[in-house]
Peer 1: 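Sharing a structure, written as structure tokens. Questions coming.
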Amino acid sequence: MQNEVSSRSRLFAAARRLFAEHGYEYTSTSSIAREAGTSESQLIKHFGGKAALLDAIFVDGWNALRPGIEAQLMETASAELRLRAIPRLFVEALHGQPELRLLLLLEGRRMRREGARTVLVDGFSGFAAMLKETLGEMQKSGDLRGLVRPESVCAALIGLTENVIRDAALSERSGNPPEFLVADIGCLTDAVVDLVHARPAHYAAG
């Protein structure tokens, strides 16, 4: 049993490293197994295949980030203020996870063919779920404009966040300072929330 757990851990670490270095498409199951010092049959046994292994890496990455983000959000009373904070906290947390950040840039949202079926790998699914939950609270409390769909706001915030992550990763690789800073994602998020927040009538009229 100990060997099985060790084999799974080695495969997981090897795949995370190779996916970040070379990309998903250019990393074979044989190279992952070789890097991990085990066999492809062990990879299939533990993960079912390469796509499921990438999914597991993203799930594990989000599970590592989530407690810290949630702990900081606990002190934020309203759903609106939590929504403003979530993208910034996510970007800040990723600074301590360079491999995960690079994976999100390279493979975070991509449609792929896996045999006869199309697979969507969404590395932002945990982040998206937190945004959707918060937007749902705003909608129920009447803090979201009536014609605004929470799914659209969520997609906009993910797009902003993804672009900030991409800029930071590409700037680091080229040795240049990033064009967008962590503070910028907060300002961009505030701009989106200001547009969709249902203000009192007298405020809107003014």
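This chain uses plain numbering: 1 for the first residue, then up along the sequence.
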Peer 1: Under 4.5 Å between any side-chain heavy atoms of Leu81 and Leu73, yes or no?
Peer 2: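 Result no, sub-4.5 Å side-chain heavy-atom pair not found.
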Peer 1: In Å and rounded to the nearest 0.5 Å, what is the CZ to CG distance from Arg17 to Leu103?
Peer 2: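 Spacing of CZ (Arg17) from CG (Leu103) equals 12.0 Å.
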Peer 1: Could you tell me whether Asp194 and Arg84 make a salt bridge, using a distance below 4.0 angstrom between a side-chain N and a carboxylate O?
Peer 2: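 Judged by the 4.0 Å cut-off on N to carboxylate O distance, Asp194 and Arg84 do form a salt bridge.
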Peer 1: Less than 3.5 Å apart, any donor N or O on the side chain of Ser6 or Ser9 sitting next to an acceptor on the other?
Peer 2: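 The criterion, which ignores hydrogens and geometry beyond distance, is not satisfied for Ser9 and Ser6.
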Peer 1: Taking Thr27's backbone N and O only, do any of them form a donor-acceptor pair with Ser31's side chain (distance below 3.5 Å, no angle check)?
Peer 2: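 Checking the backbone N and O of Thr27 against the side chain of Ser31, no donor-acceptor pair under 3.5 Å is found.
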Peer 1: Starting at CG of Leu94, measure out to CG of Leu89 and round the result to the nearest 0.5 Å.
Peer 2: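 Nearest 0.5 Å value for the CG-CG distance: 11.0 Å.
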Peer 1: Which atom names give the shortest non-hydrogen contact between Leu106 and Phe19, and what distance separates them?
Peer 2: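 Scanning both residues completely, I find the closest heavy atoms to be CD1-O, 4.0 Å.
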Peer 1: Verify side chain to side chain contact (heavy atoms under 4.5 Å, CB included) between Thr29 and Leu53, making sure each step is shown before the conclusion.
Peer 2: CA-CA 10 Å; Thr29 53; Leu53 178 48; over 6 Å; no
Peer 1: As an exercise, state the distance from CD1 of Ile165 to CD1 of Ile185, rounded to the nearest 0.5 Å.
Peer 2: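 These two atoms lie 8.0 Å from each other.
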Peer 1: Report, one line per pair, each donor and acceptor closer than 3.5 Å where one atom sits in a side chain of residues 127-136; sequence neighbours left out.
Peer 2:
from   : atom 1 : to     : atom 2 : distance (Å)
Thr134 : OG1    : Met130 : O      : 2.9

Peer 1: Could you pull out the closest heavy-atom pair between Arg16 and Asp60, with the gap in Å?
Peer 2: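 That closest heavy-atom pairing would be NH1-OD2, 4.2 Å.
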Peer 1: If you take all heavy atoms of Phe124 and Glu162, which pair is closest and at what distance?
Peer 2: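 Distance-wise, the nearest heavy atoms are CZ-CG, 3.9 Å.
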Peer 1: Check Leu102 against Ala20 and note the closest heavy-atom contact, atom names and distance.
Peer 2: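 For Leu102 and Ala20, the tightest heavy-atom pair comes out as CD2-O, 3.1 Å.
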Peer 1: Identify the heavy atoms of Pro87 and Thr161 that sit nearest to each other, and give their distance.
Peer 2: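 Answer, listing the atom of Pro87 first, then Thr161: CB-OG1, 3.6 Å.
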Peer 1: Quick check: closest heavy atoms across Ile69 and Phe90, and the distance to 0.1 Å?
Peer 2: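 The answer is CD1-CA, 3.9 Å.
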Peer 1: Could you grab the distance from atom CG of Leu100 to atom CG of Leu65, nearest 0.5 Å is fine?
Peer 2: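 That separation rounds to 6.0 Å.
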Peer 1: Quiz question: by atom type and distance under 3.5 Å, do the side chains of Ser30 and Glu40 form a donor-acceptor pair?
Peer 2: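 Checked: Ser30/Glu40 side chains show no N/O donor-acceptor pair below 3.5 Å.
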Peer 1: When you look at Arg8 and Gln42, which way does the side chain to side chain contact (heavy atoms under 4.5 Å, CB included) test go after all the steps?
Peer 2: CA-CA 8 Å; Arg8 186 185 191 283; Gln42 286 294 304; over 6 Å; no
Peer 1: Calculate, to the nearest 0.5 Å, the distance between atoms CD1 and OG1 belonging to Ile86 and Thr189 respectively.
Peer 2: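 Nearest 0.5 Å value for the CD1-OG1 distance: 9.5 Å.
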Peer 1: Measuring from Met138:CE to Glu80:CD, what's the distance to the nearest 0.5 Å?
Peer 2: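 These two atoms lie 5.5 Å from each other.
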Peer 1: Test side chain to side chain contact (heavy atoms under 4.5 Å, CB included) on Leu11 and Phe47 and set out the steps.
Peer 2: CA-CA 9 Å; Leu11 284 163; Phe47 299 101; 4.0 Å; yes
Peer 1: Cut-off 3.5 Å, side chains only: do Ser78 and Arg82 have a donor facing an acceptor?
Peer 2: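 Side chains of Ser78 and Arg82: no pair found under 3.5 Å.
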Peer 1: Is Leu104 close to Phe58 at the side-chain level, that is, under 4.5 Å between some pair of heavy atoms?
Peer 2: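 A side-chain contact under 4.5 Å exists here.
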